[in-house]
> 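Supplied in structure tokens, the structure appears directly below.
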Amino acid sequence: MKKVSIIDVAREAGVSVSTVSLVLRQKGKISEATIEKVHAAITALGYVHNVAAANLRANTSNLIGLILRDFSDSFSIKVMASIVQELEKQGFMVFLGQPLNDGEHLERCLLSFKQQGVAGVIYLASNTRHATLPALIRQCPLPLVAVSQSLLDETCNLVMRDNRQAAHLATRYLIERGHRNIAYIGGTEGDRIREQRLLGFRSAMTQNGLVFRDESAPACSDDTQAVSFATRQLLEKNNTITALLCHSPDAMLGSISGIHHVGRTVGKDVFLTQQVALVGFEDMLHVNLTSPSFTYVSSASEETGRQAAGLMIRKLKEPELQTQRITLSGQLIARESA
């Protein structure tokens with residue numbers, strides 16, 4: 001059976017070969033009617049466009065290298081899915097790398113990207129204790145977009161979460177509902193997400209004439225047992241606390257256990273002194289299958305992915321585009337826990 005060529009498609013559609021080429025590459029000003037005719041011809045003939053060969057001829061690439069260090073992090077997974085979806089809409093394919101460290105493994109990953117001819121690199125940062133990117137990423141000669149859960153001190157194209165704003169929003173929400181004794185639970189010392197959220201927490205408290213106390217924000221390892229113990233200690237020392245900001249999904253789960261250990265319950269009624277309101281910082285579907293469902297500030301993971309993909313595409317189309325820093329704020333989703 002003869003292989004269908006671009007010439008056959010042009011003949012079937014009644015257009016020139018160059019017009020078919022422009023439609024396939026999504027270039028030029030082609031009318032919708034002509035585009036429909038070309039796609040109808042492609043479908044009728046069963047033509048398969050060899051993107052790799054076309055890219056080789058044009059010295060271009062539709063491959064984007066995506067680096068994800070931590071597959072256990074729900075935020076990064078959601079961002080990755082959004083990036084892939086957005087890039088595929090625009091005709092790009094993703095080449096995924098998961099280096100085990102920032103040294104030899106990352107170097108091999110970037111070499112592999114180079115060998116595959118990727119057009120640019122999107123790096124999903126996973127280290128929340130460092131203010132800078134790995135040296136190999138900073139030195140990457142390809143167009144680069146970095147995505148981070150915390151603010152970074154970098155000059156490359158960045159898409160980041162605004163943790164300070166998220167905590168300020170959550171704290172203000174609780175204050176407006178009558179809470180005056182609020183605490184923050186979870187996160188280890190030196191964690192930049194925790195530090196940035198505490199700034200927002202402190203700011204909201206101060207703006208509303210309330211006192212922020214260091215003891216109202218105990219740090220602890222990010223596992224349910226440690227958070228349960230920290231919550232129990234916190235509430236036993238200060239039984240006037242009526243609301244908790246929970247650092248992570250594990251902190252949310254651990255705090256529930258700690259609340260129950262001291263004979264209190266989770267709930268939004270500030271006038272029932274045995275109830276403690278809870279607010280998290282990302283949607284937790286596995287938790288919200290239970291009752292009560294949890295109030296949270298969204299992580300804006302899908303929008304983060306869309307922005308990162310869009311920024312990469314703009315950078316490829318406009319190499320001289322100025323470096324951009326995009327900071328995204330989440331929305332507060334009110335449910336039953338606060």
Side-chain angles (χ1 to χ4, degrees), residues 163-189 191 193-208 210-284 286-288 290-299 330 332-338:
N163 297 297
R164 179 170 181 164
Q165 181 273 344
H168 190 282
L169 179 63
T171 307
R172 189 180 65 196
Y173 171 82
L174 291 169
I175 293 171
E176 288 172 352
R177 273 142 193 81
H179 295 279
R180 294 296 178 266
N181 290 296
I182 306 167
Y184 186 100
I185 193 81
T188 56
E189 292 288 354
D191 183 292
I193 295 177
R194 171 185 158 84
E195 290 173 352
Q196 290 159 14
R197 286 186 186 151
L198 288 180
L199 289 174
F201 177 28
R202 183 193 298 269
S203 171
M205 293 287 281
T206 303
Q207 285 178 14
N208 286 275
L210 301 174
V211 178
F212 171 87
R213 296 182 176 85
D214 289 336
E215 58 268 25
S216 66
C220 63
S221 61
D222 203 18
D223 65 78
T224 55
Q225 189 172 357
V227 175
S228 176
F229 182 72
T231 302
R232 184 176 178 178
Q233 281 192 318
L234 179 68
L235 295 179
E236 285 175 344
K237 289 178 181 176
N238 188 349
N239 61 9
T240 62
I241 290 174
T242 60
L244 295 177
L245 301 178
C246 299
H247 180 77
S248 66
D250 284 335
M252 181 74 86
L253 293 171
S255 66
I256 296 169
S257 174
I259 289 167
H260 290 162
H261 264 104
V262 296
R264 298 176 71 176
T265 58
V266 176
K268 62 171 68 177
D269 195 336
V270 70
F271 300 107
L272 295 177
T273 56
Q274 80 273 19
Q275 288 200 336
V276 181
L278 297 181
V279 178
F281 290 97
E282 60 182 276
D283 193 7
M284 296 164 286
H286 62 294
V287 177
N288 281 325
T290 64
S291 181
S293 58
F294 291 99
T295 297
Y296 67 98
V297 179
S298 67
S299 61
L332 191 137
I333 310 300
R335 291 180 173 167
E336 297 170 342
S337 70

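These values consider heavy atoms only, across backbone and side chains, with no hydrogens, waters or symmetry-generated copies. This one's a predicted model, so the numbers in the text were calculated from it and none came from an experiment.
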> Calculate, to the nearest 0.5 Å, the distance between atoms CD and OG belonging to Gln275 and Ser337 respectively.
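Gln275 CD to Ser337 OG: 10.5 Å, rounded to 0.5 Å.
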
> Using a cut-off of 6.0 Å, state whether more than 12 heavy atoms not belonging to Phe229 lie near its atom CZ.
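Atom CZ in Phe229 is not packed in, count stays at 12 or less.
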
> Test Leu278 against every option in Leu245, Val266, Ile185 by the side chain to side chain contact (heavy atoms under 4.5 Å, CB included) rule and name the one that passes.
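So the option named by the test is Val266.
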
> Does Arg180 form a side chain to side chain contact (heavy atoms under 4.5 Å, CB included) with Ile175? I'd like the steps, not just the answer.
CA-CA 6 Å; Arg180 294 296 178 266; Ile175 293 171; 3.6 Å; yes

> Checking the side chain of Tyr173 only, and the main-chain atoms of Ala334 only, is there a donor and an acceptor separated by less than 3.5 Å?
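It does not hold such a pair.
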
> Of all heavy-atom pairs between Arg264 and Leu235, which one has the smallest distance, and what is that distance?
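Answer, listing the atom of Arg264 first, then Leu235: NH1-CD2, 4.0 Å.
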
> What pairs with Ser228 under side-chain hydrogen bond (donor to acceptor under 3.5 Å, both in side chains), at least two apart in sequence or on another chain?
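Listed in chain order: Ser257.
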
> Evaluate Ile256 against Phe294 for side chain to side chain contact (heavy atoms under 4.5 Å, CB included), listing each step before the verdict.
CA-CA 11 Å; Ile256 296 169; Phe294 291 99; 3.3 Å; yes

> Does some side-chain heavy atom of Glu282 sit less than 4.5 Å from a side-chain heavy atom of Pro249?
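With C-beta onward as the side chain, the pair touches.
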
> Determine all donor-acceptor pairs shorter than 3.5 Å in which one atom belongs to a side chain in residues 217-225; sequence neighbours excluded.
from   : atom 1 : to     : atom 2 : distance (Å)
Ser221 : OG     : Asp223 : OD2    : 2.9
Asp222 : OD1    : Ser248 : OG     : 2.6
Asp222 : OD2    : Ser248 : OG     : 3.4
Asp223 : OD1    : Gln225 : N      : 3.2
Asp223 : OD1    : Ala226 : N      : 2.9

> Kindly say whether Gly187 contributes a backbone atom to a donor-acceptor pair with the side chain of Asp191 at under 3.5 angstrom?
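Not a single qualifying donor-acceptor pair exists.
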
> With distance as the sole criterion, is a donor-acceptor pair present between the side chains of His261 and Glu236 under 3.5 Å?
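Checked: His261/Glu236 side chains show no N/O donor-acceptor pair below 3.5 Å.
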
> Checking the side chain of Thr206 only, and the main-chain atoms of Ser203 only, is there a donor and an acceptor separated by less than 3.5 Å?
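It does not hold such a pair.
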
> Return yes if some donor-acceptor pair links the side-chain N/O of Arg194 with the main-chain N/O of Glu189 below 3.5 Å, else return no.
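No: the side chain of Arg194 does not pair with the backbone of Glu189.
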
> Just how far is it from atom OG of Ser255 to atom NE2 of His260, taken to the nearest 0.5 Å?
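So the OG of Ser255 and the NE2 of His260 are separated by 9.5 Å.
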
> Test Leu199 against His168 for side chain to side chain contact (heavy atoms under 4.5 Å, CB included), laying out the working first.
CA-CA 8 Å; Leu199 289 174; His168 190 282; over 6 Å; no

> Any non-hydrogen side-chain atom of Thr242 less than 4.5 Å from a side-chain atom of Val276?
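Not touching, per the 4.5 Å side-chain cut-off.
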
> Nearest 0.5 Å please: distance from the CZ atom of Arg172 over to the CD atom of Gln207.
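Answer for the CZ-CD pair, Arg172 versus Gln207, is 8.5 Å.
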
> For residues Gly280 and Met252, report the shortest heavy-atom separation together with the two atoms involved.
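Looks like N-CE, 3.4 Å.
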
> Are the side chain of Ser293 and the backbone N or O of Arg335 linked by a donor-acceptor pair below 3.5 Å?
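Answer holds: no.
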
> Going from CZ on Arg202 to OG1 on Thr171, what distance comes out if it is rounded to the nearest 0.5 angstrom?
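Answer for the CZ-OG1 pair, Arg202 versus Thr171, is 12.0 Å.
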
> Heavy atoms only: give me the nearest Leu234-Ser216 pair and the separation to one decimal.
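Closest heavy-atom pair between Leu234 and Ser216: CD1-CA, 4.4 Å.
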
> Do Arg197's NZ or CZ and the ring of Phe281 fall within the cation-pi criteria of under 6.0 Å and 45°?
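Judged by the rule, Arg197 and Phe281 form a cation-pi pair.
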
> Quick one: CZ on Arg164 to CG on Leu198, what's the gap to the nearest 0.5 Å?
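With rounding to 0.5 Å, CZ (Arg164) is 11.0 Å from CG (Leu198).
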
> Is there a side-chain contact between Thr295 and Glu336 in this structure, where contact means two heavy atoms from C-beta onward sitting under 4.5 Å apart?
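SC-SC contact between Thr295 and Glu336 ruled out.
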
> Going by heavy atoms in the side chains, are Val227 and Thr231 under 4.5 Å from each other?
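In contact.
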
> I'd like to check Met205 versus Val211 (side-chain heavy atoms, cut-off strictly below 4.5 Å). Are they in contact?
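Met205 vs Val211: side chains apart.
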
> With Leu244, which of Ile259, Ile182, Leu174 fulfils side chain to side chain contact (heavy atoms under 4.5 Å, CB included)?
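Result: among Ile259, Ile182, Leu174, Ile259 is the only option passing the side chain to side chain contact (heavy atoms under 4.5 Å, CB included) with Leu244.
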
